[in-house]
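To keep things clear, I will list the structure first and then write my remarks on it.
Each ligand, and each atom within it, is numbered from 1 in the order the structure gives.
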Amino acid sequence: MENVSVIGGGLAGVEAAWQLANKGFKVNLYEMRPKKKTPAHKTDFLAELVCSNTLGGIEETTPRGLLKKEMETLGSLVIEAAKNTSVPAGGALAVDREKFAQYITKKIENHPNITVVRQEITSIPENGITIVATGPLTSDRFSSYLTDFLGEESLSFYDAIAPIIYADTVDYSKCFWASRYGKGGNDYLNCPMTEEEYSRFYKALINAEKVPLKEFEKEAYFEGCMPIEEMARRGKETLLFGPLKPVGLIDPKTGKRPFAVVQLRKENSEGTLLNMVGFQTKLTYPEQKRVFRLIPGLENVEFARYGSIHRNTFINSPKLLLPTLQLKKNPTVFFAGQITGVEGYPESAATGIIAGINAAKLMKGEEIKPPPETTMIGGLLKYICEADPDQFQPMNANFGLLPAVKIKGKRNRRKFQAERALKELEKWKENYLG
Ligand SMILES: Cc1cc2nc3c(=O)[nH]c(=O)nc-3n(C[C@H](O)[C@H](O)[C@H](O)COP(=O)(O)OP(=O)(O)OC[C@H]3O[C@@H](n4cnc5c(N)ncnc54)[C@H](O)[C@@H]3O)c2cc1C
């Protein structure tokens, strides 16, 4: 029997290899570090966390908390390692990053069915089953191979994400719906600012704490995704001619053009989410919350997703993948991890688990079925495979809002939804995995 090839020893790759190896299949896990480095990884360990050391909340009634519980149900190595190397972090699962990566590296390297090969892969092997899990920092040579292999418009390289907020947390008494110059209906929610309000916001914005920029990330600015705070730094007026320009907007309350306006646009067809137009940012998450809450109407706003900018290679999954993570044009190739367009540590690892489980099914010649859509993992897969290909962008589970899984409403309701999702996953596991 041929070995399965897993390309990339990050969070998704180790999970995929772990699932396959524990089911008795031989795996070659290819990791290019330390021979070839990425711009963000610092060590030789597998499953290195490149930035923050937290895997997010553990409360099962939150989307990411439920996701982690589901991963545990499916035998996640990442969650096992996180629990064994955790550090106190309130309601979150944070880890000692070195110990975490060491724990996983040791488990993988000592597994009798896994061979770790330290080598950059530049094309998908022609024979056998392959899982591609090369992550947001996929090497340049493999990226250009994938561009040719998958088609010119299938691979995106940069990601500038504006924050998304929950519409029901806005104070609508301070805002108005309108389009600039009345063109295009009332598509935008406008938050008007007086000169004093703008000054206060501006000062907070330019003094807020940022996530330090890595050298390679500076390239991103040439792609037209300047962070809002960088734009602000160019002068107090700059934003008034950019994302906060008030031209063509009249506040119905005053009958006048406001001094500045922040615009929000519906993010989903239900209108439960709003996107802060032009607010891509490198501010830390707590600072985004503090500074953006200074905008009139957003004083108590809750964030579904914070803004960010970092290099991010991802494929257009809705165009290319089946909900089983198999490539439509070649079902012996699976994709997993952030390269599929999920974002975040647990989300990437979760797709690795599913790719590993499904690759094992394919090895056995058995039918492959995705997990139920009413589970968090199933919801993630549904999102990456069924989103609108023209609007597709990386998304984490907090985005809640993944089509099928609604971890929303009061605590009791969320508890009920989470319990139901876990029961369904157990059932799927029993029927599917035996
Ligand atoms: C700058 C930056 C900051 C981030 N900060 C956070 C954060 O704070 N919190 C969070 O939840 N998520 C964060 N993310 C997202 C995070 O990186 C991913 O969620 C997660 O690591 C993705 O897991 P993965 O397995 O898909 O990729 P990775 O963990 O990156 O693993 C991919 C592996 O593949 C290897 N590889 C690449 N190309 C090849 C090749 N051709 N051949 C062989 N090996 C190869 C790489 O060396 C790497 O080890 C950040 C991402 C970036 C880029």
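Contacts with ligand 1 closer than 4.0 Å are made by side-chain heavy atoms of V50 only, the backbone lying farther away. At a 4.0 Å heavy-atom cut-off, ligand 1 touches S348 through the side chain alone. Contacts between L11 and ligand 1 below 4.0 angstrom, taking non-hydrogen atoms only, involve backbone and side chain alike. Contacts with ligand 1 closer than 4.0 Å are made by no heavy atom of A349, backbone or side chain. At a heavy-atom cutoff of 4.0 Å, ligand 1 is contacted by no atom of E347, backbone or side chain. Contact annotation for F142 and ligand 1: only side-chain heavy atoms (C-beta onward) come within less than 4.0 Å of the ligand. Heavy atoms of R118 found under 4.0 angstrom from ligand 1: none, in either backbone or side chain.
Here F100 pairs with nothing under the ring-ring contact (aromatic ring centres under 6.0 Å, His included) rule; sequence neighbours left out.
Proximity annotation for atom 16 (C) of ligand 1: of R33, R141, Q338, Q338 comes nearest, heavy atoms only. Between G337, A16, A12, it is A12 that holds the heavy atom closest to atom 25 (O) of ligand 1.
A cation-pi arrangement is present between K361 and Y432, with the terminal nitrogen or guanidinium carbon under 6.0 Å from the aromatic centre and inside a 45° cone about the axis. For the pair K329 and F149, the distance from NZ or CZ to the six-membered ring centre is under 6.0 Å and the angle to the ring normal is within 45 degrees.
Counting non-hydrogen atoms of neighbouring residues, nucleotides and ligands closer than 6.0 angstrom, the NZ atom of K364 exceeds 12 such neighbours. In the displayed structure, R290 atom CZ is contacted under 6.0 Å by more than 12 heavy atoms of other residues, nucleotides or ligands. Counting non-hydrogen atoms of neighbouring residues, nucleotides and ligands closer than 6.0 angstrom, the CG atom of N207 exceeds 12 such neighbours. Around CG of N431, the count of heavy atoms belonging to other residues, nucleotides or ligands within 6.0 Å exceeds 12.
Annotation: F279 is not in aromatic contact with Y306 [ring centroid separation under 6.0 Å not met].
Checking each of K83, E15, Q19 against S76 for a side-chain hydrogen bond (donor to acceptor under 3.5 Å, both in side chains) leaves exactly one that passes, namely E15. Partner of E120 under the salt bridge (Lys or Arg N to Asp or Glu O under 4.0 Å) criterion, chosen from R141, K37, K35: R141.
Here's the thing with I339: none of its N/O atoms is less than 3.5 angstrom from an N/O atom of ligand 1. Taking any N or O of G13, backbone or side chain, none lies under 3.5 Å from an N or O belonging to ligand 1. Geometrically, ligand 1 and E48 share no nitrogen or oxygen pair separated by less than 3.5 Å. Distances between N or O atoms of T54 and those of ligand 1 include no value under 3.5 Å. Ligand 1 has no nitrogen or oxygen under 3.5 angstrom from a nitrogen or oxygen of E343. Close N/O approach between I121 and ligand 1 is found [any backbone or side-chain N/O within under 3.5 Å].
Atoms of ligand 1 found under 4.0 Å from any heavy atom of E120 (numbered from 1 in listed order, with element): 41 (N), 42 (N). Atom numbering of ligand 1 starts at 1 in the shown order; those under 4.0 Å from a heavy atom of R64 are 11 (O). Residue A133 has at least one heavy-atom neighbour below 4.0 Å for each of these atoms of ligand 1: 32 (C), 34 (O). Here is the list of ligand 1 atoms found below 4.0 Å of a heavy atom in G344: 10 (C), 11 (O), 12 (N), 19 (O).
At distances below 3.5 Å, at least one donor-acceptor pair connects side-chain atoms of R293 with backbone N or O atoms of V301.
Atoms CG and CZ, on L362 and F25 in that order, are 9.5 Å from each other to the nearest 0.5 Å.
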